[in-house]
Amino acid sequence: MSDLEAPLRPKRKKGIADFLVQFRWILVVFVVLPISVTIYFLIYLGDVKSDMKSYKKRQKEHDENVKKVVKRLKERNPSKDGLVCTARKPWIAVGMRNVDYKRARHFEVDLSAFRNILDIDKDRMIAKVEPLVNMGQISRATCPMNLSLAVVAELDDLTVGGLINGYGIEGSSHIYGLFSDTVVAYEIVLADGQVVRATKDNEYKDLFYAIPWSQGTLGLLVSAEIKLIPIKEYMKLTYKPVASNLREIAQAYADSFAPRDGDQDNQAKVPDFVEGMIYTSTEAVFMTGRYASKEEAKKKGNVINSVGWWFKPWFYQHAATALKRGEFTEYIPTREYYHRHTRSLYWEGKLILPFGDQFWFRFLFGWMMPPKVSLLKATQGEAIRNYYHQNHVIQDMLVPLYKVGDALEWQHREVEVNMSFSAPAFNYSFSF
Ligand SMILES: *[C@@H]1O[C@H](CO)[C@@H](O)[C@H](O)[C@H]1NC(C)=O
Ligand SMILES: *[C@@H]1O[C@H](CO)[C@@H](O)[C@H](O)[C@H]1NC(C)=O
Ligand SMILES: *[C@@H]1O[C@H](CO)[C@@H](O)[C@H](O)[C@H]1NC(C)=O
């Protein structure tokens, strides 16, 4: 381990920003949370209203909205108006990076109406959705039908458009790939106003393969058809602690879902879900999940843990209890499992509200969590924003599975491993 000891960094001088960060909770508790709750409630009402419309009606409204986008694009003078951008304000996105390109001259197209589920086709096992549909909305619609997207990103607010134009990965990606790998068709409005449907084998197949991770540079995504899979009501989750060095932790992680004999197709050897959390450079917990029926979950002796209740311990802290109590297994309602990190925003919640994980806070105010990331960003001000940019790392990395050990050691040397998160894609692993 000695080569891993990080050199001591000089202590930073405390400034006004530290002070602001320390007392940020006042703004969060009294302003951000109440507004968040109101917004969530209004959005929920909007979704309920949309749910009451037939799929046919929603498709009709969709077609009208697409026509509006086309009309708007025809108004653009390419030599004068600059690049096409969505009118979405940068602070609304869940991502933390600076979005400076929207400060330059650009031609805004408003896509805010594209927030509906257009169809759930149980025969084709396809969900057709608009880009602003988010994960919470889609799992609320599909889980009661015993269906789900194959890759459900955990935070409720993550949108289909973001997961396609950026990328999305989850604990089921070792089976299904990235979020975009589960999409079978994109409906795109090109800059000249042409509306095309791109699939992997039609005349727009180049576009189909180019859209994922293109950050919206190729056209405006207005709907996507995404594969559904059958699911069961519960996730049987086993928490396994590992106390060792980072190399061994990386090996244990690989062993938790990738059979050493390479027999990836053997369902008995490969779990439906896998996730790892590394708490310090010597402590990690790996979780593997399998879908389970209600009958199985309710059998005598099994523990059912509804982690979705507002007063429940934050998930990463609950998982950490395996370090003390040893390996354990429990059954979690599937939808609550999908969104296990929503309430605490992984472990970011602890930085925003240092006492948010305490029992009294969870019990009294937990139902208001999480603060909307977009509101946090909108209210943080320049000083706090710069503080986070200088002192706080949120880094997604995709590395090949056999490189995870190297990546963890490198990460530990550079910024100290504290709280990594990982979900594997086939042969690739995502961490930190
Ligand atoms: C979902 O599956 C359960 C049994 O596993 C069944 O009781 C229930 O009716 C199913 N729901 C739908 C909408 O098919
Ligand atoms: C990282 O982990 C160490 C050991 O558990 C802890 O002392 C330290 O406070 C943590 N650092 C941060 C930034 O959480
Ligand atoms: C996974 O990675 C291993 C090691 O690099 C390689 O031999 C294997 O072919 C890869 N499998 C796939 C499906 O890419």
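Order of listing sets the numbers, starting from 1, for every ligand and every atom in it. For the single chain, residues carry numbers from 1 onward in sequence order.
Taking a 6.0 Å sphere around NZ of K350, one finds it holds more than 12 heavy atoms contributed by other residues, nucleotides or ligands.
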- Tell me, with the steps shown, if E296 and K298 meet side-chain contact (heavy atoms from CB on, under 4.5 Å). CA-CA 6 Å; E296 180 187 336; K298 298 242 156 111; over 6 Å; no
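With H318 as the fixed residue, the ring-ring contact (aromatic ring centres under 6.0 Å, His included) test singles out one of F328, W347, W309: F328.
Using modelled atom types and a 3.5 Å distance limit, the side chains of T334 and Y291 yield no donor-acceptor pair.
Of the heavy atoms in S293, none comes closer than 4.0 Å to ligand 1.
Between K67 and E64, no side-chain nitrogen of the basic residue sits less than 4.0 Å from a carboxylate oxygen of the acidic one, so the salt-bridge criterion is not met.
Looking only at protein heavy atoms, the nearest one to atom 13 (C) of ligand 1 is P144 O, 3.3 Å. The shortest contact between atom 4 (C) of ligand 1 and any protein heavy atom is with E233 OE2, 3.6 Å. Ranking the protein heavy atoms by distance from atom 8 (C) of ligand 1 puts N146 ND2, 3.8 Å first.
In this structure, atom 2 (O) of ligand 1 has a protein heavy-atom contact shorter than 4.0 Å.
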